[in-house]
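Read the structure below first, then the notes.
Count residues from 1 along the sequence. Values below: every heavy atom of this structure, side chains too, minus hydrogens, waters and symmetry copies.
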Amino acid sequence: MVKYGLDYTRCRWILPLLLGIGVIFGIIALAGWGWLESQTLPYVLQASLWQICRRGDQGGQWSCESLMGYAWGRAAAATYLVGFLLLVICFALAIIAFAIDTLRFNFIRGIGGLLFVAAVFSIMGLVIYPVKFSSEIEMTGVNMFSWAYGFGWTTAIMEICLGFFFCCLPNYEDQILGNVKPTYFYSSP
């Protein structure tokens, strides 16, 4: 990417594309039912970020309860949602930044800083949820934090990594814009 510069059409949109993938993973985490599930038979527990559903041991109907009745449930949902909204804002800003012909590198560094703030909020929600869930809600059998919770962590890790990329990209401004004289390692005899 640095070799060809951000004017190289295929490389220019890699970072906004990765942010878009992070947004999709965040949507999956917010809407997914697999934050916590029963691992072994009988499957009696299933939870999302928003509610928990239980079923009797004999396989009856599922009864659901909102986690928004708990202060920690509201805190976990709010902090993860704030992190997700900041990620969406960064995605929109990245599209704007890379669509402009002349890149504003300080603007790109600001997107990186905002991604770190989004990661902090996402991680706060992802830590509050399991700690308080396992201490305040009675669980039976063997349970595991499942696929939607994993998508939440993937989103947070992507926010951190892309934050580094966006913050470090302005350090290579001259190479990207082609203002550096090429260095040749061949010397004549």
Backbone N or O of Ser63 within a donor-acceptor pair of the Arg54 side chain at under 3.5 Å?
no
Taking atom CG of Leu15 and atom CD1 of Ile111, what is their separation to the nearest 0.5 Å?
9.5 Å
Please name all residues satisfying ring-ring contact (aromatic ring centres under 6.0 Å, His included) with Phe165, sequence neighbours left out, ordered by chain then number.
none
Can you measure from OG1 (Thr155) to CD1 (Ile27) and round to the nearest 0.5 angstrom?
9.5 Å
side-chain hydrogen bond (donor to acceptor under 3.5 Å, both in side chains) partners for Trp72, two or more places apart
Glu136
Transitive ILVMFWY side-chain link Met144 to Val127, under 4.5 Å
no
Between CG on residue Leu45 and CG on residue Asn143, distance to nearest 0.5 Å:
5.0 Å
Suppose we screen for ring-ring contact (aromatic ring centres under 6.0 Å, His included). Which residues come up paired with Tyr129, at least two apart in sequence or across chains?
Trp35, Phe133
With sequence neighbours left out, the residues meeting ring-ring contact (aromatic ring centres under 6.0 Å, His included) with Phe121 are none
Name all residues meeting the side-chain contact (heavy atoms from CB on, under 4.5 Å) criterion together with Ile160; count only those two or more places apart in sequence or in a different chain, and write none if there are none.
Phe116, Ala119, Ile123, Phe164
By disulfide bond (SG atoms under 2.5 Å apart), which residues pair with Cys161, not counting sequence neighbours?
none
Which residues pass the side-chain contact (heavy atoms from CB on, under 4.5 Å) test with Thr154, not counting sequence neighbours?
Phe25, Met158
List, one per line, each side-chain donor-acceptor pair under 3.5 Å for residues 86-95, sequence neighbours excluded.
none

Determine which pairs satisfy side chain to side chain donor-acceptor pair (under 3.5 Å) with at least one residue from residues 78-95, sequence neighbours left out, and list them in order.
none
Residues in side-chain hydrogen bond (donor to acceptor under 3.5 Å, both in side chains) with Trp153, at least two apart?
Tyr149
Quick check for you: to the nearest 0.5 Å, what is the distance between Leu81 atom CG and Leu85 atom CG?
4.5 Å
Taking all non-hydrogen atoms of both residues into account, name the closest pair between Gly163 and Leu115 and its distance.
N-CD1, 3.8 Å
So do Leu67 and Leu49 actually touch side chain to side chain, heavy atoms under 4.5 Å?
no
Here the side chain to side chain donor-acceptor pair (under 3.5 Å) pairs for residues 157-170, sequence neighbours left out, are Ser122-Glu159
For Leu162, the option from Ile157, Leu19, Ile21 that meets side-chain contact (heavy atoms from CB on, under 4.5 Å):
Leu19
With sequence neighbours left out, write down each residue that passes side-chain contact (heavy atoms from CB on, under 4.5 Å) with Gln46, or none if nothing qualifies.
Trp33, Glu37, Trp62
Hey, what do you get for SG (Cys168) to CZ (Arg109), rounding to the nearest 0.5 Å?
8.0 Å
Between Ile28 and Phe151, what is the shortest heavy-atom contact and its length?
CG2-CD1, 3.6 Å
